[in-house]
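Keep in mind it's a predicted model, so treat the numbers as computed, not measured.
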Amino acid sequence: MHSLAALTPYIPLIVGAALALALVYARKRVPAALVTLMITAFVDMVGLLMVLPLLPFYAKSLGGNGIDVPVGGGQVFHIGIGTVVGFLVVAFTAAQLVSAPMWGRFSDRFGRRPALLVALGSSVAGYLIFAFANSLGLLFLSRLVQGAGGGTVGVIQAYVADSTRPDQRAKSLGWLSAATNLGVALGPVLGSWAVTLGEQRMPLGGAATLHMGRAAPGLMAALLCLANMGFAWSFLRESRDTGEHRAVTAAGRKPGTSRDAVARVVTHSAEPASRLIWIYAVAIGAFQGTTSVLALFLASKFGVNEKTIGYFFMYVGTLSVVMRAVVLGKAVDKFGEARLTRIGSALMALGLATLPLAPTVLWLALPVALLPIGTALTFPCVTALLSRVINPGERGLYMGVQQTFGGLSRVIFPLVLGFAFDHYGRGSPFWISATFVAATILLGLGMEGYTKPKPAVA
């Protein structure tokens, strides 16, 4: 394994090449209406991943070993830099939790395109704050602003639902995920290049030079996002018929609020939309939570270190994109979204349950493979089904609520599974997650009755 360590810097490029090849293979089947959205989502993800890997290093340079908080009596409470970084990460998710339903409701009323353009503008502001942050407070603020702009995942999913036929939505969501994963692969490479560029002095003519320093990645991400706004403004067409929103009001129905929608998922958990949102939240929380402790597990059982862990994520990332871009469409045609959701959950649960039992790294390849395969079959199908069981006039709202529950789950599961790893053994996080994911199969029973398009409000 050490002989392969020299390839580690090229892992993002390898994954990016695999993603690009998969997208090229599927290009003829991608609806024309989605191409512009896929490019917009790809560029947006590139900008985010340009700065995200740099966050711990910026926090370390600004906060040293942590911060001391006065607690009275001349005493202080020390918060370590690791905890500080954790708060910075959670700040983004927290802002997404709050903003996602509001973005969804905004897009239902005024259209998807304005919501995406405003959110991209928010991201530009966040990157600029990141570029010039000279304190942990400003760094924290940049994450809140970026998270607020990143709460439009549900809006993008609603855009897909607006632009495609119901029987094509799962495939289209899979293609969109493949495009964003390409951004995940290439963003860190560009971020590292921006760091190198920032260290250089570029001549501007005469004796003048330009030296961006550590601001370079944030500035380049902001410029990229600004260019993305121009691209979206010029080529992204509105998919939302805002007349549906007016029709709901004219029919005497008051459009739901974010608070009402969140409360309904909790109080009416037996309804199809609520069940689908719970399936999504539990599955994505379990996947993200186990991913957060996977490196610790691999290090303790197989001696994997920071030089070799990248190969596991390359393996997972490549399988994930190939599944979404190449396999998902054929699987939907054969099994349908409802059945495929249960198959995906079952494969994911099986992978989680058997992962701690692998005796060697080679045997580990099989259960690890079941995770991206299972998630690729589950998440696009759940979202596609959700788009069918809710009124078109509230599509953006409920897809935003789905992201809120998913975001909350992504906060809770890593904390719970990290505690389990420390106190109940290295295999316990995976078995806990497997149990929760397996339970979602019961929530998915009977969803075949909702595979037909739901009539719009007259």
With the side chain counted from C-beta on, respond yes when [X] and [Y] share a heavy-atom pair under 4.5 Å apart, and no when they do not.
{"X": "Pro114", "Y": "Phe106", "result": "yes"}
{"X": "Thr40", "Y": "Leu116", "result": "no"}
{"X": "Arg264", "Y": "Glu271", "result": "yes"}
{"X": "Pro380", "Y": "Leu328", "result": "yes"}
{"X": "Tyr58", "Y": "Leu136", "result": "no"}
{"X": "Arg324", "Y": "Phe379", "result": "yes"}
{"X": "Leu355", "Y": "Leu371", "result": "yes"}
{"X": "Trp233", "Y": "Arg113", "result": "yes"}

* Asked: Under 6.0 Å from the CZ atom of Phe436, do we count more than 12 heavy atoms belonging to anything else shown?
  ->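 No.
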
On a heavy-atom basis, which atom in [X] and which in [Y] lie closest, and how many Å separate them?
{"X": "Leu120", "Y": "Asp44", "result": "CD2-OD1, 3.7 Å"}
{"X": "Pro372", "Y": "Thr375", "result": "O-OG1, 3.1 Å"}
{"X": "Gly126", "Y": "Ser142", "result": "O-CB, 3.5 Å"}
{"X": "Ile129", "Y": "Leu138", "result": "CG2-O, 3.4 Å"}
{"X": "Ala221", "Y": "Val51", "result": "CB-CG1, 4.0 Å"}
{"X": "Ala148", "Y": "Ser99", "result": "O-OG, 3.4 Å"}

* To do: Only counting residues at least two apart or in another chain, list the ones meeting side chain to side chain contact (heavy atoms under 4.5 Å, CB included) with Met45.
  => Leu48, Leu49, Thr180, Val184

* **Donor-acceptor contact below 3.5 Å, side chain Ser107 vs main chain Arg112** =>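 No, because the side chain of Ser107 does not come within donor-acceptor range (under 3.5 Å) of the backbone of Arg112.
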
* Any donor-acceptor N/O pair, Thr378 side chain to Ser345 backbone, under 3.5 Å -> yes

* Structure fact -> Here the gap from Met229 atom CE to Leu117 atom CG, rounded to the nearest 0.5 Å, amounts to 5.5 Å

* Would the Phe413 and Phe287 ring centres measure less than 6.0 Å apart? ->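 No - the distance between ring centres of Phe413 and Phe287 does not fall below the 6.0 Å cut-off.
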
